[in-house]
Amino acid sequence: MGKRDDLIAQYADDLKNKCGMTPDMALLTKVTIGCGPAIYNADASTVAGSQPSELETVKDNFLIKKLGLADGPQLMEAINSVLQTYGQSERNKYRAVVYYMLTKHFGKESVYG
């Protein structure tokens, strides 16, 4: 197993134990690959849930550009809901896990089809 496989296993563990979800491993793998080299960088691999600029980046670059969603208050509500599910006290909110949950939230699995 390579480094990416180890990270995917870590993300799946977070989804199960911290978010109470059973991950769709095929989708989780595609979302992780979609994050590119960011998953290997300690800073870029996580989402700073308390930084408004970081949340705007997730909204603009992922929800609008990647998933093709229209801008609106529902996007920030979804991001906040996902971060709440992950746990506010959780220091490391992995980007791939947040993106996975957002993909599921909006039913946009087909983007990774």
Side-chain angles (χ1 to χ4, degrees):
M1 290 206 348
K3 180 114 173 86
R4 186 173 71 204
D5 293 331
D6 294 343
L7 288 168
I8 291 169
Q10 167 72 53
Y11 303 154
D13 185 64
D14 269 22
L15 281 164
K16 274 189 215 116
N17 300 316
K18 295 177 183 169
C19 306
M21 307 171 118
T22 302
D24 170 342
M25 292 309 291
L27 179 64
L28 181 58
T29 301
K30 289 174 186 171
V31 170
T32 302
I33 292 168
C35 288
I39 61 170
Y40 303 110
N41 176 304
D43 188 45
S45 69
T46 57
V47 172
S50 59
Q51 292 180 353
S53 62
E54 173 80 0
L55 302 183
E56 281 296 322
T57 302
V58 170
K59 183 181 88 168
D60 294 340
N61 293 350
F62 184 70
L63 294 178
I64 296 172
K65 288 182 184 158
K66 178 75 181 171
L67 297 186
L69 298 167
D71 195 1
Q74 76 282 6
L75 300 186
M76 265 312 165
E77 287 165 17
I79 292 169
N80 289 323
S81 161
V82 159
L83 295 178
Q84 197 70 46
T85 301
Y86 211 143
Q88 294 294 19
S89 61
E90 190 54 48
R91 213 169 141 263
N92 290 327
K93 294 181 184 70
Y94 292 107
R95 186 169 305 278
V97 174
V98 171
Y99 285 9
Y100 171 89
M101 288 197 286
L102 286 167
T103 302
K104 286 291 227 186
H105 176 87
F106 287 108
K108 288 292 204 171
E109 294 89 340
S110 61
V111 170
Y112 292 97

>> Can you classify the ring geometry of Y99 versus F62 as parallel (below 30°), tilted (30 to 60°) or perpendicular (above 60°)?
In response: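 The arrangement is parallel - the two ring planes meet at less than 30°.
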
Measuring only between side-chain heavy atoms, which start at C-beta, is [X] closer than 4.5 Å to [Y]?
X    : Y    : result
K104 : L27  : yes
L63  : F106 : yes
I39  : K3   : no
Y94  : L7   : no

> Backbone N or O of M76 within a donor-acceptor pair of the N80 side chain at under 3.5 Å?
Replying inline: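 Confirmed, N80 side chain pairs with M76 backbone.
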
> Judged by atom type as modelled, is there a donor-acceptor pair below 3.5 Å linking the side chain of Y100 to the main-chain atoms of D24?
Replying inline: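 Such a contact is found between Y100 side chain and D24 backbone.
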
Going from [atom1] on [X] to [atom2] on [Y], what distance comes out if it is rounded to the nearest 0.5 angstrom?
X   : Y    : atom1 : atom2 : result
N41 : C35  : CG    : SG    : 12.0 Å
L67 : T103 : CG    : OG1   : 5.0 Å
D60 : D71  : CG    : CG    : 7.0 Å
L15 : I8   : CG    : CD1   : 11.5 Å
Y86 : M21  : OH    : CE    : 11.5 Å
K66 : K108 : NZ    : NZ    : 12.0 Å

>> Could you work out, with side chain to side chain donor-acceptor pair (under 3.5 Å) as the rule, every residue matching K18, not counting sequence neighbours?
In response: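 Counting only residues at least two positions away or on another chain, K18 forms a side chain to side chain donor-acceptor pair (under 3.5 Å) with D14, E90.
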
> Given E54, which of K93, R95, K59 fulfils the salt bridge (Lys or Arg N to Asp or Glu O under 4.0 Å) condition?
Replying inline: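 Of all the options given, the one that passes is R95.
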
